[in-house]
Protein chains: 2
Amino acid sequence: MAPRDTVESPMRRPTIADVAELAQTSRGTVSFVINNRPGVATATRERVLRAMRELNWTPNRTARALSTSRAYAIGFILARDAMALSSDPFFAPFIAGMETRLDESGHFLMLRFANSHESERAAYLRLMEQRRVDGFVLSDLTQDDYRFDLLAEHSFPAVTLNVADRSTRLPSVSRSDEPGVAATVQHLIELGHRRIAYVGGPFHYLHVARRRATWEATLRDSGIEPGPAIASDFTASGGSAATAQLLDLPKNERPTAIVFANDLMAASGMSYALNRGLRVPEDLSITGYDDFELAAFLSPSLTTVRTDPTAWGAAAVDHLLALINGDDPSDLALPPPTLITRDSTGPAPQ
Amino acid sequence: MAPRDTVESPMRRPTIADVAELAQTSRGTVSFVINNRPGVATATRERVLRAMRELNWTPNRTARALSTSRAYAIGFILARDAMALSSDPFFAPFIAGMETRLDESGHFLMLRFANSHESERAAYLRLMEQRRVDGFVLSDLTQDDYRFDLLAEHSFPAVTLNVADRSTRLPSVSRSDEPGVAATVQHLIELGHRRIAYVGGPFHYLHVARRRATWEATLRDSGIEPGPAIASDFTASGGSAATAQLLDLPKNERPTAIVFANDLMAASGMSYALNRGLRVPEDLSITGYDDFELAAFLSPSLTTVRTDPTAWGAAAVDHLLALINGDDPSDLALPPPTLITRDSTGPAPQ
DNA sequence: TCATTTTTCTAAAACGTTTCGTTTTTGCCA
DNA sequence: TGGCAAAAACGAAACGTTTTAGAAAAATGA
C-alpha cells in the first residue's frame, strides 16, 4: 500500500493563523508581537518569533490595511506632461529622497503623472475615495490652488512643497528660492551688468512668480531698472524662443545678461546665442537654475543654482508621515540653495 | 423638549451595505452590478446604480483586494541611482506611457528606486510577499539576471523590456536597438568616416552589449576595422572623460566620429571637443541616442536616435495585464526607433 | 490562605468586499 | 391552473489582519 502523504494545499501562503497554531497561541497574540505592543510574556514572544521565522511569514499588508484602514502608501501626483518631466532634473532625485524614508517606514509610493487638469483631479479623487494612500505630497503649488479644498473636503493629510499663498491647515516643507535668485542677480550686478533680463515659467506657479519677484526686487534694491521679463515654459524650445526675442531688441535695450528659471532653458538659450555668433560670456552672460548634470559639462559651463532635491524629498516624507501619525508638525524651512559660479558669466561688455 | 436628531456617525464613508439597503437589495447583488455580471434584473440594476450615485459610493479597493487577492497595482523597480536616473530621458516618458494604460484599467503604479543591489532585491521581495502588486515590469536586464529565479520562486508574473539572454517563461516587450545603431553607423560611413569610435555603458547590461555589438558588426560588414570602444557609464562626466581619452590618441588612430550610447554623454563629449578647439562636425562628428529634449537645441544640434518610450510603456503594461488576467501573451516586438540627422554629423575631414 | 490587583492571553467582532450554495421569484408551457 | 425550469436574489462564509472585552493566570498583599 502506498504511503499516505499529508496532502498540503499547494503553495498556500501562511497566514497569521498558521503562525499562531505553530506557536501554540492565538492570532491576537501574534498580532501583538509583530506590532510589538506590551502585554506579551517573553517566552510567548519568542515562540511566536520562532514560528514566524520557521514559516517564513510576513503579514499581508492588504489585510492589515483593511483592518486599520490605512493604506501604507502615499500619493504624489504630477500635473506635467512626461516630456517636460523627463527634462526637469528636480523630480527624480526628489522622488528618490522620498523613497529613502518611505522604505524605512514600510510605506510605498503611488506615483501618477497627469497630463490634464481633469485627470489630475480624477487621480486625487480616486486615490482618496479608494483609500489607496494615507496622504499626499503637493508640488507645483499654484495661485489659490484648488487642491486645498479638494483635500479638505475629504479631510486628507498632505504637506506642500513651499508655502501656499493663502492660509491652510496643511504644513509646508519649503526651500526658499529667494536667496538663490538674489545671489545670482547680485553676482551679475557685481560683474557690471545693468541690463539683466529674466526668463521664467508660467507665472501662475507660485515658485515661478516668487523667483521673478526676487529678480525684480534685487535689481531695484541696487537702483537698477529691471530689464525685460519673459514668461516662458521651462522647455528647451521655450528657452530658445525667449532668447531670440531678447536678442532681437534694439541694441540699447538688449540685455547683457539673462537669468533663466531653469537649466534646460538656459542651455538651450545659450546654444541659440552661440549660434547667432555671440560669445558667452564675453557678449552675453547666462545663468540657470537646478544645476542639472550637464551644467558643468556644457561649453561654456553653466553658472547656476544648486538645490538639493533629495534632502527635500526625505524631509517632505518625514513631515507627512508625522502628520499621518497624528502629530501636528509645523512649517519647515530647509537651508537655501547655493549659487555655483562657472564660465557662462563674466564681466559685462563695455 | 429638544427635538431628537437622528445622530449620524460623522463622516462615515458609505459601504456596499449602505448601497444595498438603499436599493432594497443585498450586498451580493450590488457587487454583481458594479462588476457588471449577468443575473441582475434591469430594474434592480437601476435601483442599485441610483443608490450608488445618491450615496456617492465607490468600492473600497483595499477590501476588494483582500477579497480577490489582487492588488490592482503593478511594480516597477529601478536599480539606478537617482542622479543617473534624472538625466536618463527614457524613464519619465516610459512611466507616463505605462500610466495611460494603468489608469484605464484602474491599476496603480508602485514605483521604487533602489540604490543598491540589496535594496533592489528587498524591494522585489517585499512587494511580492506583501502581495502589494500583481506583477512587474523588468527593465535593465543584465546577463543571467537573478530576477528570473526570484520571480519564478514566487510564481509572479512579469514582462521584460527586451528579450533575455536565456530562456524564461516571461514574455518580453522589446524595441530592437540594432536598426537605430546600424543606421547611425551607416550614416557616418556614407559621410566618409573610417575611424568611428563607440562610447557605451556598463557592458553587463544586455542592451548595452547589444548596441556595441551592432556598431561593431555594421562596421565589419562594410569592411571597416572598428575603432576604439569605451565602456563608460551613461553620465555627463563619463562622456567627457571618454572623449578626452579618444582625442588624446595619436593622430592616425584618432576617430573622426564618435557614436555615443546616449545623448547625455554625447552632449558632454561634444562640449569637451569644442572646448579643445575642435569644430563639430568639421573635425569630429558626434551622434547620440534617445533624442532628449535638448538635442535639437544644442549648438550644433545633435544627430541622434529617437525612441518612443511612451508607446513602449503602454505596450508593456498591456502585455503585463494580459498576463495577469491569465492570457498567455507571446513576445512582442515594437517598431524600431529612427535616426534623426542633425548638424553634429558631417563629411569626414580629409 | 484568600482576596485583590496586575499581567497575559483568548475568542470574537470588526474592516468592506467577493463568491458561492440556496432559496425565492418569475416565466413558460401543458 | 399547476408544475417546472430558468432567472434573480439572498445570506453567509471567506479573504487575513487588528482590536477589544473579558477570561484565565500570575503576582501581590494582608
Side-chain angles (χ1 to χ4, degrees), chain A residues 9 11-49 51-52 55-73 106 126 128-132 134 325, chain B residues 9 11-49 51-52 55-73 106 126 128-132 134 325:
Chain A
S9 78
M11 281 293 170
R12 197 177 67 79
R13 167 168 305 275
T15 75
I16 198 172
D18 301 318
V19 176
E21 189 184 5
L22 184 60
Q24 304 178 71
T25 180
S26 68
R27 292 178 301 172
T29 303
V30 176
S31 176
F32 274 45
V33 169
I34 58 174
N35 293 300
N36 40 68
R37 292 164 44 150
V40 179
T42 331
T44 317
R45 159 167 284 116
E46 290 191 339
R47 253 183 302 131
V48 169
L49 291 174
M52 282 176 51
L55 295 178
N56 192 24
W57 171 80
T58 37
N60 177 319
R61 285 270 169 174
T62 308
R64 172 181 285 185
L66 181 61
S67 193
T68 58
S69 47
R70 283 260 242 139
Y72 299 98
R126 269 177 64 175
M128 287 192 292
E129 284 173 349
Q130 300 179 173
R131 284 273 183 276
R132 304 212 30 164
D134 299 320
N325 286 329
Chain B
S9 79
M11 283 293 170
R12 195 177 67 79
R13 166 171 304 274
T15 76
I16 198 173
D18 300 318
V19 176
E21 189 184 6
L22 184 60
Q24 304 178 72
T25 181
S26 68
R27 293 179 298 172
T29 303
V30 176
S31 177
F32 273 45
V33 169
I34 58 173
N35 294 300
N36 41 67
R37 291 163 45 150
V40 179
T42 329
T44 316
R45 160 168 285 116
E46 289 190 342
R47 254 183 300 131
V48 169
L49 291 173
M52 281 176 52
L55 295 177
N56 193 22
W57 171 80
T58 37
N60 177 318
R61 284 270 169 175
T62 308
R64 171 179 286 184
L66 181 61
S67 193
T68 59
S69 47
R70 283 260 243 136
Y72 298 98
R126 269 175 66 175
M128 289 192 290
E129 284 172 349
Q130 299 178 173
R131 285 270 182 279
R132 302 209 33 161
D134 299 320
N325 286 329

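A, B, ... follow the sequence lines: proteins, then strands. Residue 1 opens every chain.
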Produce the list of close N/O pairs, under 3.5 Å, pairing protein atoms with atoms of nucleotides 24-26 of chain D; give distances to one decimal.
none

Using atom CG of A:Asn60 as one end and atom P of D:dA14 as the other, report the distance to the nearest whole Å. 17 Å
Degree of bending in the helix from C:dT1-D:dA30 to C:dA30-D:dT1 once both end axes are built from five pairs, to 10°: 50°
Of the non-hydrogen atoms in A:Pro14 and A:Leu55, which two are nearest, and what is the gap between them? CG-O, 3.6 Å
Is the shortest side-chain heavy-atom distance between B:Thr15 and B:Asn60 below 4.5 Å? no
Heavy-atom closest pair (B:Val48 atom, B:Thr25 atom, distance to 0.1 Å) is CG2-CG2, 3.9 Å
Between P on D:dA12 and CD1 on B:Ile16, what's the gap in Å once rounded to a whole number? 16 Å
Scan A:Thr62 against the nucleic acid and name what it touches under 4.0 Å (heavy atoms): base, sugar-phosphate only, or nothing. nothing
Using a cut-off of 4.0 Å on non-hydrogen atoms, how would the nucleic acid contact of B:Ser69 be classed: base, sugar-phosphate, or nothing? nothing
Counterpart residues, ring pair (Phe, Tyr, Trp, His ring centres under 6.0 Å), relative to B:Phe32 (two or more places apart): none
Touch check for B:Arg37, heavy atoms < 4.0 angstrom, all strands: base, sugar-phosphate only, or nothing? sugar-phosphate
Would you indicate whether the side-chain heavy atoms of B:Trp57 and B:Leu22 approach each other to under 4.5 Å? no
Under the salt bridge (charged side-chain N to carboxylate O under 4.0 Å, His left out) definition, can you give me all pairs with a residue in residues 60-73 of chain B, not counting sequence neighbours? B:Arg70-B:Asp134
Check every nucleotide of DNA chain C for an atom under 4.0 Å from a heavy-atom of chain B, then give the first and the last such nucleotide from 5' to 3'. C:dG16 to C:dT19
Side-chain donor or acceptor of A:Asn35 paired with backbone N/O of A:Arg37 under 3.5 Å: no
Closest-nucleotide ordering on DNA chain D, the 5'-leading residue of B:Ala63 and B:Thr44: B:Thr44
Residues 39-49 of chain A vs salt bridge (charged side-chain N to carboxylate O under 4.0 Å, His left out), sequence neighbours excluded, gives none
Pairs involving residues 16-28 of chain B, ordered by first then second residue, that meet salt bridge (charged side-chain N to carboxylate O under 4.0 Å, His left out) (sequence neighbours left out): B:Arg12-B:Asp18
Residue whose nearest DNA chain D nucleotide is more 5′ - B:Phe32 or A:Arg64: B:Phe32
Using the salt bridge (Lys or Arg N to Asp or Glu O under 4.0 Å) criterion, which residues pair with A:Arg126? Sequence neighbours excluded. B:Asp103
Value in whole Å for how far the P atom of D:dT18 lies from CG of A:Asn36: 12 Å
Atom of B:Met128, atom of A:Arg13 and distance for their closest heavy-atom approach: O-NH2, 4.5 Å
Using heavy atoms and a sub-4.0 Å distance, could you list which residues of residues 17-30 of chain B are near DNA chain C? By number, please. B:Arg27, B:Gly28
Rounded to the nearest 0.5 Å, how far apart are CD1 of B:Ile16 and OG of B:Ser31? 5.0 Å
Hey, are the side chains of A:Gln130 and B:Tyr72 touching, using non-hydrogen atoms and a 4.5 Å cut-off? no
Please name all residues satisfying side-chain hydrogen bond (donor to acceptor under 3.5 Å, both in side chains) with A:Ser26, sequence neighbours left out, ordered by chain then number. A:Thr29
In this structure, how many angstroms lie between the P atom of D:dA9 and the CD1 atom of B:Ile34, rounded? 16 Å
